[in-house]
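Read the structure below first, then the notes.
Scope of the values below: all heavy atoms of this structure, side chains included, with no hydrogens, waters or symmetry mates.
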Amino acid sequence: RRLTVVANVVTGGWRCLDDRSQWMDFTYSNLNEGDQLVLQSSLSEADTVAVVDWSGGAAYRSLAPLRETIQFPPMFYMNFRVYSAGVSDDARCAWFDDMEKKALRSACCIVGLSTRDVSYLSTLRELSEKEKQDDPIHLLLPPLRNDMESLARKNSEDLLQYMPPIVASSISDRKSDRKSDRPLITCVVRQSPEKQTLRFV
């Protein structure tokens with residue numbers, strides 16, 4: 001199968017991926033004529049269109065004019081983050097949820113990256129669909145990077161050189177009391193508000 005990548009004319013505004021980004025400019029109509037033709041040709045041969053997050057869903061909906069000229073492929077929706085989970089403002093939270101609902105309604109297959117996200121997306125879909133959907137939202141746990149796995153499998157003594165002195169001495173002092181050579185717990189998450197990294201620390 002072929003993967004087609006087209007370049008959007010928008011060059012700025014993607015240092016953030018939320019509602020303050022230039023997601024409204026990431027549309028079919030903003031592509032130059034050559035890229036529009038490439039995209040139209042690719043879509044006519046495609047089995048599916050894979051999109052990421054609500055902004056990808058909005059970009060997919062911008063392709064609506066092509067429905068009249070080609071057999072339009074369904075949308076495979078990959079939700080990498082539920083944006084409303086990290087928002088405290090009720091109005092913004094409702095806006096993100098509305099964008100998620102629109103993406104969910106357009107999708108033939110949906111994937112989330114955590115059990116919490118899948119549960120939340122399932123609730124949103126139930127609220128937005130008139131009829132109950134039988135097909136589940138799939139869970140795809142992100143793979144652990146090799147360097148993170150290697151670090152996690154090291155004995156604590158191998159890691160002491162990287163620890164603050166007070167932590168290293170505490171680990172060494174309690175060595176005889178330990179039942180495992182790996183007494184550390186690691187939190188590997190994106191540093192965004194809803195992950196509450198500082199609470200873990």
Side-chain angles (χ1 to χ4, degrees), residues 1-8 10 14-28 39 42-64 66-67 70-87 92-149 152 186-197 200:
R1 293 292 175 181
R2 183 178 65 185
L3 175 67
T4 300
V5 179
V6 292
N8 191 274
V10 179
W14 289 106
R15 292 182 183 273
C16 61
L17 298 174
D18 58 16
D19 52 331
R20 292 180 287 257
S21 69
Q22 289 184 263
W23 66 273
M24 286 186 291
D25 296 324
F26 194 60
T27 61
Y28 175 75
L39 183 57
S42 297
L43 286 171
S44 66
E45 300 174 10
D47 296 318
T48 186
V49 176
V51 306
V52 175
D53 290 336
W54 61 267
S55 56
Y60 176 83
R61 291 192 301 278
S62 81
L63 302 172
L66 296 178
R67 292 179 184 274
I70 62 172
Q71 185 170 348
F72 207 70
M75 183 180 94
F76 171 45
Y77 182 47
M78 296 179 286
N79 179 279
F80 285 4
R81 176 183 178 189
V82 173
Y83 281 79
S84 60
V87 175
R92 282 187 76 209
C93 182
W95 186 88
F96 279 121
D97 283 350
D98 184 56
M99 295 302 284
E100 292 284 9
K101 289 175 185 176
K102 289 177 180 177
L104 293 168
R105 284 196 296 267
S106 301
C108 68
C109 183
I110 305 163
V111 169
L113 300 186
S114 73
T115 52
R116 182 176 178 181
D117 285 357
V118 167
S119 175
Y120 192 81
L121 293 171
S122 298
T123 300
L124 282 182
R125 187 168 65 166
E126 288 175 10
L127 293 173
S128 66
E129 299 283 353
K130 293 180 180 178
E131 297 180 6
K132 182 174 173 54
Q133 299 294 317
D134 294 329
D135 52 320
I137 295 177
H138 303 280
L139 172 64
L140 178 65
L141 296 175
L144 186 65
R145 283 181 4 207
N146 288 340
D147 56 340
M148 291 292 103
E149 180 181 7
T186 304
C187 178
V188 184
V189 296
R190 178 180 63 250
Q191 291 189 3
S192 57
E194 73 273 15
K195 298 302 181 184
Q196 301 186 30
T197 310
F200 174 87

**OP:** Assess the pair Tyr60 and Phe72: is the distance between their ring centroids shorter than 6.0 Å?
**Re:** yes
**OP:** Locate the shortest heavy-atom distance separating Gly112 from Val118; write the atom from each residue and the value.
**Re:** CA-CG2, 3.9 Å
Subject >> Euclidean distance, Thr115 OG1 relative to Leu139 CG, rounded to 0.5 Å >> reply: 6.5 Å
Subject >> Check: Val82 and Phe96 side chains under 4.5 Å, non-hydrogen atoms >> reply: no
Original post:
Do you know which two heavy atoms are closest between Cys109 and His138, and how far apart they sit?
Top reply: SG-CD2, 3.8 Å
Subject >> Heavy-atom pair of closest approach, residues Gly57 and Ala103 >> reply: CA-CB, 4.3 Å
**OP:** Might you confirm whether atom CG of Asp147 has over 12 heavy atoms from other residues, nucleotides or ligands at distances under 6.0 Å?
**Re:** yes
Original post:
Can you tell me how far OG of Ser119 sits from CG of Leu124, rounded to the nearest 0.5 angstrom?
Top reply: 10.0 Å
Subject >> Euclidean distance, Ile110 CD1 relative to Ser122 OG, rounded to 0.5 Å >> reply: 8.0 Å
Subject >> Candidate pair Met78 and Leu140, rule side-chain contact (heavy atoms from CB on, under 4.5 Å), full reasoning >> reply: CA-CA 10 Å; Met78 296 179 286; Leu140 178 65; over 6 Å; no
**OP:** Begin with the C-alpha distance, continue with both residues' side-chain angles, and end with the deciding distance and a verdict on side-chain contact (heavy atoms from CB on, under 4.5 Å) for Ser84 and Glu100.
**Re:** CA-CA 9 Å; Ser84 60; Glu100 292 284 9; 5.9 Å; no
Original post:
Looking only at heavy atoms, which two atoms of Leu66 and Leu43 are closest? And how far apart?
Top reply: CD1-CD1, 3.6 Å
Subject >> Ion pair Asp97/Lys101, N-O distance below 4.0 Å >> reply: no
Subject >> Residue among Trp23, Tyr77, Phe80 satisfying ring pair (Phe, Tyr, Trp, His ring centres under 6.0 Å) with Trp54 >> reply: Trp23
**OP:** Starting at OG of Ser55, measure out to OH of Tyr83 and round the result to the nearest 0.5 Å.
**Re:** 6.0 Å
**OP:** List the atom of Asp53, the atom of Arg81, and the distance in Å for their closest heavy-atom pair.
**Re:** OD1-N, 3.2 Å
Original post:
Got a second to check how far Leu104's CG is from Leu121's CG, nearest 0.5 Å?
Top reply: 5.5 Å
**OP:** Find the distance between CZ (Arg61) and CE (Met99) and round it off to the nearest 0.5 Å.
**Re:** 5.0 Å
Original post:
Closest approach of Val49 and Pro73, non-hydrogen atoms and distance?
Top reply: CG2-CG, 3.6 Å
